[in-house]
Amino acid sequence: TAQPRLDVETENDLLRRCWMWHDARWFAAVAGEFGMEAANRLNRKNVRALGQVEMRRLMRALKVENVGSIAEALALYEAGRALYVPPSLMEADVGAVTDDSYEVTFRRCFVHENIVRAGIADTYECAVFERLGGWHDAWGLPLEEELPVRRCALAAGETCRQRFALRRERSAS
């Protein structure tokens with residue numbers, strides 16, 4: 001008999017959802033064992049490292065060796081978003097602000113939906129932007145400032161927005 005086959009998008013969606021289930025269970029286990037403060041801290045650190053790895057792998061697959069501009073970074077951002085967190089999971093507006101900065105505004109976010117469902121929105125520290133910080137690490141485009149630790153803006157009824165500005169080289173005077 002023939003082996004049952006899934007179409008590519010169904011297969012990708014299944015793999016993403018299984019990974020997210022694992023991630024949520026890992027977070028809950030750490031929070032249960034060591035407390036919410038430790039879970040938040042470790043989650044932010046781990047998500048940053050995940051972002052580095054996934055973007056390096058994507059760049060390698062796309063044969064991109066280096067990223068030299070916001071325009072090049074945003075093209076990779078879109079490729080990464082389509083692969084890792086498509087619109088079925090996250091809806092965002094992204095655009096350049098200046099030659100060395102851009103802004104991301106999330107309208108819908110699977111993390112927000114899951115932390116609300118889990119009842120931890122008031123104590124969860126968002127790690128979504130840490131993932132993008134990891135992408136910057138992979139691109140070799142350091143940020144001007146470290147990303148702030150924050151609660152979920154969407155859960156608080158606020159706009160979820162972050163501006164990413166590249167570190168400018170300091171001139172020696």
J.: With a sphere of 6.0 Å drawn around CD of E146, does it hold more than 12 non-hydrogen atoms of other residues, nucleotides or ligands?
T.: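 Incorrect, the count does not exceed 12.
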J.: Below 4.5 Å, heavy atoms only, C-beta onward: do R131 and L50 meet side chain to side chain?
T.: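 Contact flag for R131/L50 side chains = yes.
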J.: Under the side chain to side chain contact (heavy atoms under 4.5 Å, CB included) rule, what do D93 and E103 come out as? Steps first, then yes or no, please.
T.: CA-CA 8 Å; D93 298 314; E103 191 170 84; over 6 Å; no
J.: Grab the two heavy atoms, one from I70 and one from S101, that are nearest each other, plus how far apart they are.
T.: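 Heavy-atom minimum between the residues: CG1-N, 3.7 Å.
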J.: Compare all side-chain heavy atoms of T105 with those of C160 and state whether any distance is below 4.5 angstrom.
T.: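 No, too far: nothing below the 4.5 Å cut-off.
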J.: Which pairs count as salt bridge (charged side-chain N to carboxylate O under 4.0 Å, His left out) when at least one residue sits in residues 70-80, sequence neighbours excluded?
T.: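 Salt bridge (charged side-chain N to carboxylate O under 4.0 Å, His left out) check on residues 70-80 returns E78-R81.
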J.: Could you see if L147 belongs to whatever hydrophobic cluster contains V149? Use Ile, Leu, Val, Met, Phe, Trp, Tyr and a side-chain cutoff under 4.5 Å.
T.: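 No, because L147 and V149 fall into different hydrophobic clusters, even though each may have its own neighbours under 4.5 Å.
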J.: Treating Ile, Leu, Val, Met, Phe, Trp and Tyr as nodes and any side-chain heavy-atom pair under 4.5 angstrom as an edge, say whether V47 and F110 lie in one connected cluster.
T.: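 Not linked; separate clusters.
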J.: List the atom of A92, the atom of R107, and the distance in Å for their closest heavy-atom pair.
T.: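 Scanning both residues completely, I find the closest heavy atoms to be O-NH2, 3.6 Å.
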J.: Would you please test R161 and F106 for side chain to side chain contact (heavy atoms under 4.5 Å, CB included) and show each step?
T.: CA-CA 6 Å; R161 177 177 297 131; F106 285 102; over 6 Å; no
J.: Between H136 and L166, is any pair of side-chain heavy atoms under 4.5 Å apart?
T.: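 When only atoms from C-beta onward are counted, L166 and H136 do touch, with a gap below 4.5 Å.
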J.: Would you say R108's side chain and S88's backbone share a donor-acceptor pair under 3.5 angstrom?
T.: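 The answer is yes, because a donor-acceptor pair under 3.5 Å joins these two groups.
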J.: Do the non-hydrogen side-chain atoms of T98 and R163 ever get within less than 4.5 Å of each other?
T.: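 Result yes, sub-4.5 Å side-chain heavy-atom pair found.
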J.: Does any non-hydrogen side-chain atom of D23 lie less than 4.5 Å from one of N43?
T.: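 Yes, their side chains come closer than 4.5 Å.
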J.: Under 4.5 Å between any side-chain heavy atoms of R44 and E125, yes or no?
T.: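 Counting from C-beta outward, R44 and E125 do come under 4.5 Å.
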J.: Can you tell me how far SG of C109 sits from CG of L89, rounded to the nearest 0.5 angstrom?
T.: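 Between atom CG of L89 and atom SG of C109 there are 9.5 Å.
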J.: Which distance, rounded to the nearest 0.5 Å, do you find between the CZ of R151 and the CD of E158?
T.: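 Reported value, rounded in 0.5 Å steps: 12.0 Å.
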J.: When you check the side-chain N and O atoms of T10 and D13, is any donor under 3.5 Å from an acceptor?
T.: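 No, because no side-chain N or O of T10 sits under 3.5 Å from a partner of the opposite role on D13.
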J.: Step by step, would you call L143 with R167 a side chain to side chain contact (heavy atoms under 4.5 Å, CB included)?
T.: CA-CA 5 Å; L143 296 172; R167 184 182 319 141; over 6 Å; no
J.: Heavy-atom count check: over 12 atoms from other residues, nucleotides or ligands less than 6.0 Å from E11 CD?
T.: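 Enclosed: over 12 neighbouring heavy atoms sit under 6.0 Å from CD of E11.
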J.: Taking atom CG of D99 as the centre, does the number of heavy atoms from other residues, nucleotides or ligands within less than 6.0 Å exceed 12?
T.: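 Counting neighbours around CG of D99, 12 or fewer heavy atoms of other residues, nucleotides or ligands fall under 6.0 Å, so no.
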J.: Rounded to the nearest 0.5 Å, what separates atom CG in N46 from atom CZ in R41?
T.: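 It comes to 13.0 Å.
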J.: Using 30° and 60° as the class limits, which term best fits the ring planes of F164 and Y102: parallel, tilted or perpendicular?
T.: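 Parallel: the ring planes of F164 and Y102 meet at under 30°.
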J.: If you look at every heavy atom in A96 and L74, which pair is closest and at what distance?
T.: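 Taking every non-hydrogen atom into account, N-CD1, 3.8 Å.
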J.: Output, in order, the C-alpha distance, side-chain angles, deciding distance and verdict of side chain to side chain contact (heavy atoms under 4.5 Å, CB included) for V104 and L132.
T.: CA-CA 10 Å; V104 178; L132 298 180; 4.2 Å; yes
J.: List the atom of D137, the atom of R48, and the distance in Å for their closest heavy-atom pair.
T.: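 Shortest heavy-atom separation between D137 and R48 comes out as OD2-NE, 2.8 Å.
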J.: Measuring only between side-chain heavy atoms, which start at C-beta, is W26 closer than 4.5 Å to V30?
T.: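 Yes; the side chains approach each other to less than 4.5 Å.
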J.: Looking at CZ of R117 and NE2 of H112, how far apart are the two atoms once the value is rounded to the nearest 0.5 Å?
T.: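 Interatomic distance, R117 CZ to H112 NE2, rounded to 0.5 Å: 10.5 Å.
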J.: Does R16 use its side chain to pair, donor to acceptor, with the backbone of L83 at less than 3.5 Å?
T.: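 Side chain of R16 to backbone of L83: a pair is present.
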J.: About how many Å separate OH of Y84 and CE of M90, when rounded to the nearest 0.5 Å?
T.: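 These two atoms lie 15.0 Å from each other.
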J.: Hey, quick one: are M20 and L154 part of the same hydrophobic cluster, counting side-chain heavy atoms closer than 4.5 Å, chains of contacts allowed?
T.: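 Different clusters: M20 never reaches L154 through Ile, Leu, Val, Met, Phe, Trp or Tyr contacts under 4.5 Å.
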J.: For the CE atom of M55 and the CG atom of L62, what is their distance to the nearest 0.5 Å?
T.: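 M55 atom CE to L62 atom CG measures 8.5 Å (nearest 0.5 Å).
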J.: Specify the closest pair of heavy atoms between L76 and L58, including all atoms of both residues, with the distance to one decimal.
T.: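 The pair with the smallest heavy-atom distance is O-CD2, 4.2 Å.
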J.: Look at the side-chain heavy atoms of Ile, Leu, Val, Met, Phe, Trp and Tyr, link any pair under 4.5 Å apart, and say whether M36 and F34 land in one connected group.
T.: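 Looking at the clustering, F34 is in the same group as M36.
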J.: Do W139 and N66 touch side chain to side chain, with heavy atoms closer than 4.5 Å?
T.: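 Contact flag for W139/N66 side chains = no.
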J.: Show the nearest heavy-atom pair for residues L141 and A73, with the distance to one decimal.
T.: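 Answer, listing the atom of L141 first, then A73: CD1-CB, 3.9 Å.
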